[in-house]
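Predicted model, so just to flag it, every value in this text is computed and none were measured.
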Amino acid sequence: MNCFLNTVFALLLLSLCGQHATAQSIQKPASEWQEEQLKLLLDKAFHYIENDSDSATIFINQASEFSKKNRLKLGEVKVLEAEGNYYGLVKNDYNKATECFHKGVTLCEKHQLNYTKNLYHSLGVLFHVTDNYEKAKSYYLKAVPLERKEKDTLLLVRSLINLGSICSTNGDYRKAEQYFLESLSYPSNFEARRTTFANLGNMKIREKKFTEALLYLNRVVQIDPKTQLGGDAIEYSFLLDAKTAARDFTGLDTILPRANELYRECPDLRDKSILLKSIGNSYQSMGNFKKAAELKDEYLTIYDSLKSKQRDEVVYEMETKYQTQKKEEEIVKQQKEKNRLRLFFIISCFTIALLCFLVYQFFTQKNKLNKQKQLLEIAVDEKNILLKETHHRVKNSFQIVSSLLYLQSENMKDKEAALAVKEAQNRVKSMVLIHQKLYSKDQLIGIETKEYIEDLVNDIIENQTGTIPNLTTHIDVESTVFSIDSITPLGLIINELITNCIKHAFPVGVKNPKIALEFKKQGDNYLLKVNDNGIGFSNEINENSFGIKLIRALAKKLKGKIALENNGGTHFAMEIVKFEQMS
């Protein structure tokens, strides 16, 4: 937890300890019992906020209900402050945190509660931790005069420390030192003084006055006699940076182990990255380059994570929105009643006219869309009829080609030529079957794979298996719809594979011949398997055969990955990567 966030926690402790006044509040002062009950609830909420736990919302809600029930306006403001700290520290929702703090400011102004300084301080801290220094400084400067006036020394010290930190960051070291030294002039606790020494040391590092820096930073490792706590991650990073720059390695044998322990315990990514960088630089200065390199890699990982959580623009947008809203409210309050009524009347008339116009436009547009819908439906019906007729004509054309090939094969005396023509006829039939199904079904843009493949295989076997007695087939196809561009090459590949099984797999003497085809989805792709229990192939596959060339060309169109094995028959497998699946 860095020194800036410690300021938030200290502020929240102030809220919970009840160190607030209600000088000119219009409500009756709360009884001691009510104050104790509210403080108890807010103490519990703070405990869970400090431990980054969402359980804080339980006690924040209980405190809110208690304040509203007992009409404790200051209690409602403190609840908003606790809620803002919850969103800022636990949820990192800086937009919501800013909104809560501004609601608290509005309540203070409305009921004249002397608590505005605390909320200004919280807003300063919120912008401070998001590196919006100008906004943070403006809120601290609003808080400081109120803190002096109400003699809130503890909060004043922390505002001065944070103002010094901003001036130091911006390079105004003279002004920063004035703020830091002024904070030391007021009585404060051990933790606040240690924070001041840490900031003074860091400023001297920026000024490259490392010996002076060590005079301040050596105090950060001192143990608070009340809390028994030493410095935090950021304070140790300042000390290590000063020692590294001054080449002063005395005491590092105890400082580095504590720094590593703080790094492991630190939940904040920003603080972890700063401390880790300082530890790595110390190891490098001592000559331990291996350790320094390891820490550098770890630092880069944390730095990347930290950059992804930038949120300055969100906070700034919320602040702008609040300021604009506040100005608009002031303008509205200054208007006279007569002007407000007149404006309301004008707006009402305009709204009614606008509503009438929008209703008219709505019904006009609705009628227009209905007419367009009817025309589109007619056009779609006409296109479907034309597409259906096209598939019918294509099917008839393919059928004529198939018949011509059949007649040609019947008149051929050369058996090999007749067989080749017969195979061409089967290929044409596979395409005929596609257009026949498209024509006979309402589905005009795709083919149902299960029905098509089963009909195709059965048709091939019926036309070619007169010489293979007792042939059995097993077809297992997953039902889906493929486009014509995908089903056509698939059908031709299946035709070639089944035809090859019938031609070559089962010579005379093979008992119980069987062909199995499986087509199923596997992951994001589809897998086609065609197996037989025939004699297999004895030699290498003839890559020059027309059937093999055709299969590989068609598989390439589908981006298919082919595998062919000879194991108790021929086993063909093809994983289809490119396909167009219709809904």
Side-chain angles (χ1 to χ4, degrees), residues 5-91 93-94 96-127 139-140 142-144 146-147 149-159 322:
L5 292 183
N6 280 341
T7 305
V8 177
F9 287 142
L11 173 59
L12 190 53
L13 277 172
L14 288 175
S15 303
L16 298 173
C17 290
Q19 297 178 6
H20 315 288
T22 56
Q24 300 177 1
S25 174
I26 60 173
Q27 65 169 8
K28 294 181 180 180
S31 67
E32 292 183 5
W33 177 83
Q34 289 174 335
E35 290 179 351
E36 289 176 359
Q37 289 297 311
L38 182 62
K39 179 180 180 301
L40 180 63
L41 292 172
L42 291 176
D43 280 344
K44 290 180 178 178
F46 172 74
H47 170 75
Y48 286 109
I49 290 173
E50 191 174 27
N51 289 280
D52 292 333
S53 172
D54 289 331
S55 298
T57 57
I58 298 173
F59 298 101
I60 290 174
N61 291 335
Q62 290 179 3
S64 177
E65 292 174 3
F66 182 83
S67 298
K68 290 177 180 178
K69 180 179 179 181
N70 292 281
R71 299 181 181 180
L72 305 177
K73 296 302 180 184
L74 181 59
E76 292 181 29
V77 173
K78 292 181 180 180
V79 169
L80 284 170
E81 182 186 32
E83 190 174 0
N85 284 320
Y86 165 74
Y87 282 113
L89 300 176
V90 179
K91 306 302 288 184
D93 187 346
Y94 301 97
K96 190 69 174 177
T98 306
E99 184 179 353
C100 292
F101 291 135
H102 281 310
K103 283 183 179 179
V105 171
T106 302
L107 273 179
C108 286
E109 293 174 350
K110 181 178 180 181
H111 299 289
Q112 300 179 352
L113 303 176
N114 294 336
Y115 199 74
T116 312
K117 66 182 187 306
N118 302 71
L119 297 168
Y120 283 152
H121 183 91
S122 294
L123 281 163
V125 171
L126 183 67
F127 284 101
Y139 279 113
Y140 289 140
K142 286 183 179 181
V144 166
L146 297 174
E147 292 161 356
K149 179 181 178 182
E150 297 169 25
K151 298 181 180 180
D152 192 337
T153 304
L154 184 57
L155 197 57
L156 174 61
V157 166
R158 295 198 174 276
S159 294
Y322 169 76

Nearest-0.5 Å distance, [atom1] of residue [X] to [atom2] of residue [Y]:
| X | Y | atom1 | atom2 | answer |
| --- | --- | --- | --- | --- |
| Arg158 | Leu155 | CZ | CG | 9.0 Å |
| Phe46 | Asn51 | CZ | CG | 9.0 Å |
| Glu32 | Lys39 | CD | NZ | 13.5 Å |
| Ile60 | Gln62 | CD1 | CD | 11.0 Å |
| His47 | Ser53 | NE2 | OG | 8.0 Å |

Closest heavy-atom contact between [X] and [Y]?
| X | Y | value |
| --- | --- | --- |
| Leu119 | Glu81 | CD2-CB, 4.0 Å |
| Ala143 | Lys117 | CB-O, 3.7 Å |
| Ile49 | Asn85 | CG2-O, 4.1 Å |
| Leu42 | Ala82 | CD2-CB, 4.1 Å |
| Thr116 | Leu146 | CB-CD1, 4.3 Å |
| Ala56 | Ala45 | CB-O, 3.5 Å |

Exercise for review: Tell me, please, which residues at least two apart from Glu147 pass salt bridge (charged side-chain N to carboxylate O under 4.0 Å, His left out).
Suggested key: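 Glu147 satisfies salt bridge (charged side-chain N to carboxylate O under 4.0 Å, His left out) with no residue once adjacent residues are dropped.
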Review point. Mind checking what makes ring pair (Phe, Tyr, Trp, His ring centres under 6.0 Å) contact with Tyr87, not counting sequence neighbours?
Key: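 None.
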Please examine the side chains of [Y] and [X], heavy atoms only from C-beta on, and report whether any two atoms are closer than 4.5 Å.
| X | Y | value |
| --- | --- | --- |
| Leu40 | Glu36 | no |
| Thr57 | Tyr48 | no |
| Leu80 | Glu76 | no |
| His111 | Leu107 | yes |

Point to revise | Partner residues of Gln37 under the side-chain contact (heavy atoms from CB on, under 4.5 Å) criterion, sequence neighbours left out | key: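 Result, side-chain contact (heavy atoms from CB on, under 4.5 Å) vs Gln37: Trp33, Phe66.
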Check your understanding: Is the gap between the ring centers of Tyr140 and His121 under 6.0 Å?
Key ->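 Aromatic pair counts; centres sit under 6.0 Å.
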Point to revise | Option among Asp152, Val144, Leu154 that satisfies the side chain to side chain contact (heavy atoms under 4.5 Å, CB included) test with Ser159 | key: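 Considering Asp152, Val144, Leu154, a side chain to side chain contact (heavy atoms under 4.5 Å, CB included) with Ser159 is found only for Val144.
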Practice item. Look only at the side chain of Ser67 and the backbone of Ala63, and say whether a donor-acceptor pair between them is shorter than 3.5 Å. Key: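 Pair found, side chain donor or acceptor close to backbone of Ala63.
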Review point. Going by the angle between their ring planes, with limits at 30° and 60°, are Tyr139 and His102 parallel, tilted or perpendicular?
Key: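 It falls in the tilted class, 30° to 60°.
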Check your understanding: Looking at residues at least two apart in the chain, or sitting in another chain, which of them share a side chain to side chain donor-acceptor pair (under 3.5 Å) with Asp54?
Key ->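 With sequence neighbours excluded, Asp54 shows a side chain to side chain donor-acceptor pair (under 3.5 Å) to Tyr86, given in chain and number order.
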**Study point:** Partners meeting side chain to side chain donor-acceptor pair (under 3.5 Å) with Thr153 (sequence neighbours left out)
**Key:**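 Scan of Thr153 (side chain to side chain donor-acceptor pair (under 3.5 Å), adjacent residues dropped) gives none.
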